[in-house]
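For reference, positions follow the sequence shown, starting with 1. Just so you know, these numbers come straight off a predicted model, no measurement behind them.
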Amino acid sequence: MKIALVEFKPVNNKPEKNTQKMLEIIDQTAEDTDLIVFPEMAFTGFTMNKELHSFQDTESVIQKSRSKNTAVLFGWIEKDSNSYYNSSTFFDTKTHRTLNYKKRKLFTYRGEEKYYTPGNSSIQYEFKDHSISHLICYDLRFPELFRETKGVEIFIVIACWPKSRKDHWKALLKARAIENQAFVIGVNRSGVGEIGEEYGHLSIAYDYMGKEMKLTKVSQIKYLEIDDDFFKSLHKWRKKFPALRE
């Protein structure tokens, strides 16, 4: 499985420009890419300006991934009835499934809970014969959310995580990998946010033992490859050290 971790640098609060940039990046990904992952709120950058939801063109991104024959995962602002969510969508070109997940732990440090409604359920799905779950940014600090999908092989965390807390980011991703005996991938935005926060280039992946995995960087994309031997080793370790049975 080849995954493209896009260290996207969105133009803050400019969804039309970011949509175009996302379409261009999808076109630029390697032909053998299986899944393209964009960060949290990719269309706008992390913002409390929830009214921007109507300017996001999520359908164009889905259609572009369909034409590329590559699955895609991205964060966006979703409106459902009178509520707004820090949401995410996974689209699989093989099954044509569109699956949504809403961030459950809102970032109170920035007052996110004043503008958005938290989600109330986890997500789990099969992709290329392997199980995946994804979460959003601040969710990472709550290990119980990961245990709701116990046994998942790959966790993906999309985020707008500031460089100033990069040590937390790495430590928490590593911990989630070790305790869940799973591959954990963190996909973070780059650039500078709307209030001046720097994001750096923090996208990273850990294996089920908590070891950092090799990423191949091409421009703003980091590629991760997980072959069958990696998955076999994961299940061999789970059988030998059955912590997930507890």
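For the pair Ile3 and Thr33, the minimum side-chain heavy-atom distance is 4.5 Å or more. The side-chain heavy atoms of Glu7 and Lys217, taken from C-beta on, include a pair separated by under 4.5 Å. Using a 4.5 Å heavy-atom cutoff, the side chains of Ile178 and Lys174 are in contact.
Hydrophobic cluster of Ile26: the remaining members, joined at side-chain heavy-atom separations below 4.5 Å, are Val6, Phe8, Met22, Leu23, Ile25, Ile36, Phe38, Phe43, Val61, Ile62, Val72, Phe74, Trp76, Phe91, Val218, Ile221, Tyr223, listed by chain and number.
Among residues two or more places apart in sequence or in another chain, the ring pair (Phe, Tyr, Trp, His ring centres under 6.0 Å) test is passed with Tyr116 by none. Every residue meeting the ring pair (Phe, Tyr, Trp, His ring centres under 6.0 Å) condition with Tyr125, not counting sequence neighbours, appears here in chain and number order: Phe90, His134.
A tilted orientation is assigned to the rings of Trp161 and Trp169, their planes being inclined by 30° to 60°.
At distances below 3.5 Å, at least one donor-acceptor pair connects side-chain atoms of Ser131 with backbone N or O atoms of Glu153. No donor-acceptor pair under 3.5 Å is formed between the side chain of Gln56 and the backbone N or O of Ser54. Judged purely by atom type and a 3.5 angstrom limit, Thr70 uses its side chain to pair as donor or acceptor with the backbone of Lys68. Between the side chain of Asn13 and the main chain of Phe46, no donor-acceptor pair closer than 3.5 Å is present. Within the 3.5 Å criterion, the main-chain N or O of His201 finds no donor-acceptor partner in the side chain of Ser190. No donor-acceptor distance shorter than 3.5 angstrom exists from the side chain of Lys103 to the backbone of Asp139, with no hydrogens or angles considered.
Tested against Tyr138, the residues Arg104, Glu40, Arg110, Lys105 include a single side-chain contact (heavy atoms from CB on, under 4.5 Å) partner, Lys105. No option in Thr29, Asp227, Asp32 other than Asp32 meets the side chain to side chain donor-acceptor pair (under 3.5 Å) test with Lys2.
Phe107 and Val192 fall into different hydrophobic clusters, where Ile, Leu, Val, Met, Phe, Trp and Tyr side chains are chained together by heavy-atom contacts under 4.5 Å.
How far CG of Asp167 is from CG of Leu202: 10.0 Å, rounded to the nearest 0.5 Å. The line from CZ of Arg189 to OG of Ser203 is 11.5 Å long, rounded to the nearest 0.5 Å.
Residues Phe146 and Phe155 place their aromatic rings such that the two centres sit under 6.0 Å apart.
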